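What you see below is based on every heavy atom in this structure, not just the backbone, and it leaves out hydrogens, waters and symmetry mates. Position 1 is the first residue of the sequence, and the numbers go up from there. On a predicted model such as this, the values are computed, not experimentally measured, just so you know.
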Amino acid sequence: MKLPRNMLAGVCCLITASAFAQEDTWTPGTYMTQSLNSCFDAGQVFLEDTNYGYDDDGISLVGTYMQPYGYYTLTKFFQAKTSYVVIAAGDEDATNVNLHVRNLNGEIVASDPEVDRLAIVEFTPKVGEDFSLEVELFEANTASFVSFVILRDGGWTIPRSDLELAQSTLMSRGAIYNQAIEEQIDVNLYPSGRYLRFNDGASQACVFGGLIAGGDGAYLTNLNLGEGDVKLIAEGDSDVEDIDLILYDAYNTELNSDRLGDAHPVIDHYTLASQNYHIEIANEAASDSTPTFCMVGVMQVRP
């Protein structure tokens, strides 16, 4: 199904009008929210006007923090003869976000290089295989948050209110943790203070998530979290009952976890810049339950 150009123009107008309505007292949460809301708003147009819905095969949302000319790449399996739409958007400081889809040979099979803070591509793989989604902050006034979501033909329709619930609760918890960190600082050790921020390493994710069926999980691998304290938190939609978070090293050895029977897991851990890590979010609900939408915030405690 090819998307009509007038529909794409309508999406861009919607984003321009509504992207920056929400305010937040925690600055990283404010700007990440701008980027996520732009993706969710654009996705909502497709959910209402087409047969597209959110992909339920692994990760379907990633948020990153980029310097101008920075990029992020996610490699993911896409089904044969199934149409996909990928939507990427930056916060208010981003002026030009580019999006490319590459096959295993590195060839571009779909691209949106237009000068806009919103990028949308549609593609239909001939065979099922891994493709690389390459998101680039080509132009920006300063470092910016850039997010993207993955939809597929026949995917899941998620109420906008559920996306908002997961996103807003995640950012609210970030604000609460940040306030607690600021208030507990030893000024002799940290005269300039310490704060909670999103993982800001080059080509690194700081938010990820997607639809997870009961008994299943989603993984983000090869994360470099830098040297120091990190905080991993997760939230979900209105149907989430029990989600777990697990942190692994590069050899899949479990390092830390939150397996309590609730929907608000958190992990505090000291990571090393010389190592890479894997993060799993698992839905512990019944295996026959409807997939729930979950998001993980990958954050650092730094001066």
[X] and [Y]: same hydrophobic cluster, using ILVMFWY side-chain contacts below 4.5 Å?
{"X": "Tyr270", "Y": "Ile267", "value": "yes"}
{"X": "Leu247", "Y": "Leu223", "value": "yes"}
{"X": "Leu232", "Y": "Leu272", "value": "yes"}
{"X": "Ile246", "Y": "Val266", "value": "no"}
{"X": "Trp26", "Y": "Val301", "value": "yes"}

Quick check for you: to the nearest 0.5 Å, what is the distance between [X] atom [atom1] and [Y] atom [atom2]?
{"X": "Thr169", "Y": "Glu164", "atom1": "OG1", "atom2": "CD", "value": "8.5 Å"}
{"X": "Leu225", "Y": "Ile279", "atom1": "CG", "atom2": "CD1", "value": "5.5 Å"}
{"X": "Tyr219", "Y": "Glu280", "atom1": "OH", "atom2": "CD", "value": "3.5 Å"}
{"X": "Thr124", "Y": "Phe78", "atom1": "OG1", "atom2": "CZ", "value": "11.5 Å"}
{"X": "Glu134", "Y": "Ser203", "atom1": "CD", "atom2": "OG", "value": "9.5 Å"}
{"X": "Ile150", "Y": "Tyr54", "atom1": "CD1", "atom2": "OH", "value": "11.0 Å"}

Next on the checklist: One thing to verify: whether Asp56 and Arg152 come together as a salt bridge, which I'm taking to mean a side-chain N less than 4.0 angstrom from a carboxylate O.
Outcome noted: yes

Do [X] and [Y] have side chains that approach each other closer than 4.5 Å (heavy atoms only, starting at C-beta)?
{"X": "Asp55", "Y": "Trp156", "result": "no"}
{"X": "Leu99", "Y": "Ile120", "result": "no"}
{"X": "Leu220", "Y": "Ile59", "result": "yes"}
{"X": "Lys81", "Y": "Val127", "result": "no"}
{"X": "Ile233", "Y": "Pro265", "result": "no"}
{"X": "Val45", "Y": "Leu47", "result": "no"}
{"X": "Phe46", "Y": "Ile87", "result": "yes"}
{"X": "Ile158", "Y": "Leu211", "result": "yes"}

Measure from the side-chain N and O atoms of [X] to the backbone N and O of [Y], and report whether any donor-acceptor pair falls under 3.5 Å.
{"X": "Arg302", "Y": "Asp229", "answer": "yes"}
{"X": "Gln34", "Y": "Glu92", "answer": "yes"}
{"X": "Thr271", "Y": "His269", "answer": "no"}
{"X": "Asp112", "Y": "Glu114", "answer": "yes"}
{"X": "Gln204", "Y": "Asn224", "answer": "yes"}
{"X": "Asn98", "Y": "His100", "answer": "no"}
{"X": "Asp244", "Y": "Ser257", "answer": "no"}
{"X": "Thr82", "Y": "Ala80", "answer": "yes"}
{"X": "Thr64", "Y": "Ala205", "answer": "no"}
{"X": "Thr95", "Y": "Glu139", "answer": "yes"}

For the student: nearest non-hydrogen atoms of [X] and [Y], plus distance:
{"X": "Gln167", "Y": "Leu36", "result": "CG-CD1, 3.7 Å"}
{"X": "Cys39", "Y": "Ser147", "result": "SG-O, 3.3 Å"}
{"X": "Leu196", "Y": "Ile181", "result": "CB-CD1, 4.0 Å"}
{"X": "Val207", "Y": "Gly297", "result": "CG2-CA, 4.5 Å"}
{"X": "Asp153", "Y": "Tyr52", "result": "N-CD2, 3.3 Å"}
{"X": "Ala89", "Y": "Ser35", "result": "O-OG, 2.8 Å"}

Checklist entry - Near Phe123 CZ, under 6.0 Å, is it more than 12 heavy atoms from other residues, nucleotides or ligands? => result yes

Under 3.5 Å side-chain donor-acceptor pair for [X] and [Y]:
{"X": "Asp93", "Y": "Thr142", "result": "no"}
{"X": "Thr73", "Y": "Arg102", "result": "no"}
{"X": "His278", "Y": "Thr221", "result": "no"}
{"X": "Asn37", "Y": "Arg160", "result": "yes"}
{"X": "Gln179", "Y": "Glu182", "result": "no"}

Checklist entry - What is the ring orientation for Phe148 with Tyr72, classed by angle as parallel under 30°, tilted 30 to 60°, or perpendicular over 60°? => result tilted

Checklist outcome for this item: Per ring pair (Phe, Tyr, Trp, His ring centres under 6.0 Å), Phe198 is matched among Tyr31, Phe145, Phe208 by Phe145

Item to check | Residue pair Asp57, Lys76: steps toward the salt bridge (Lys or Arg N to Asp or Glu O under 4.0 Å) verdict | outcome: CA-CA 9 Å; Asp57 184 12; Lys76 176 181 168 69; 5.1 Å; no

Checklist entry - Do Phe131 and Phe77 have ring centroids that are under 6.0 Å from one another? => result no

Next on the checklist: Would you say the rings of Tyr277 and Tyr248 are close, in the sense that their centroids are separated by under 6.0 Å?
Outcome noted: no

Checklist outcome for this item: Across all chains, not counting sequence neighbours, the salt bridge (Lys or Arg N to Asp or Glu O under 4.0 Å) partners of Glu254 are Arg259

Next on the checklist: I'd like to check the salt bridge (Lys or Arg N to Asp or Glu O under 4.0 Å) partners of Asp216; sequence neighbours left out, ordered by chain and number.
Outcome noted: none

Next on the checklist: With side chain to side chain contact (heavy atoms under 4.5 Å, CB included) as the criterion, how do Glu129 and Asn103 come out once you've worked through the C-alpha distance, each side chain's angles and the decisive distance to 0.1 Å?
Outcome noted: CA-CA 8 Å; Glu129 63 181 20; Asn103 61 20; 3.9 Å; yes

Next on the checklist: Considering only residues two or more places apart or on different chains, which pairs with a residue in residues 292-301 satisfy side chain to side chain donor-acceptor pair (under 3.5 Å)?
Outcome noted: Arg197-Gln300, Asn199-Gln300, Asn283-Thr292

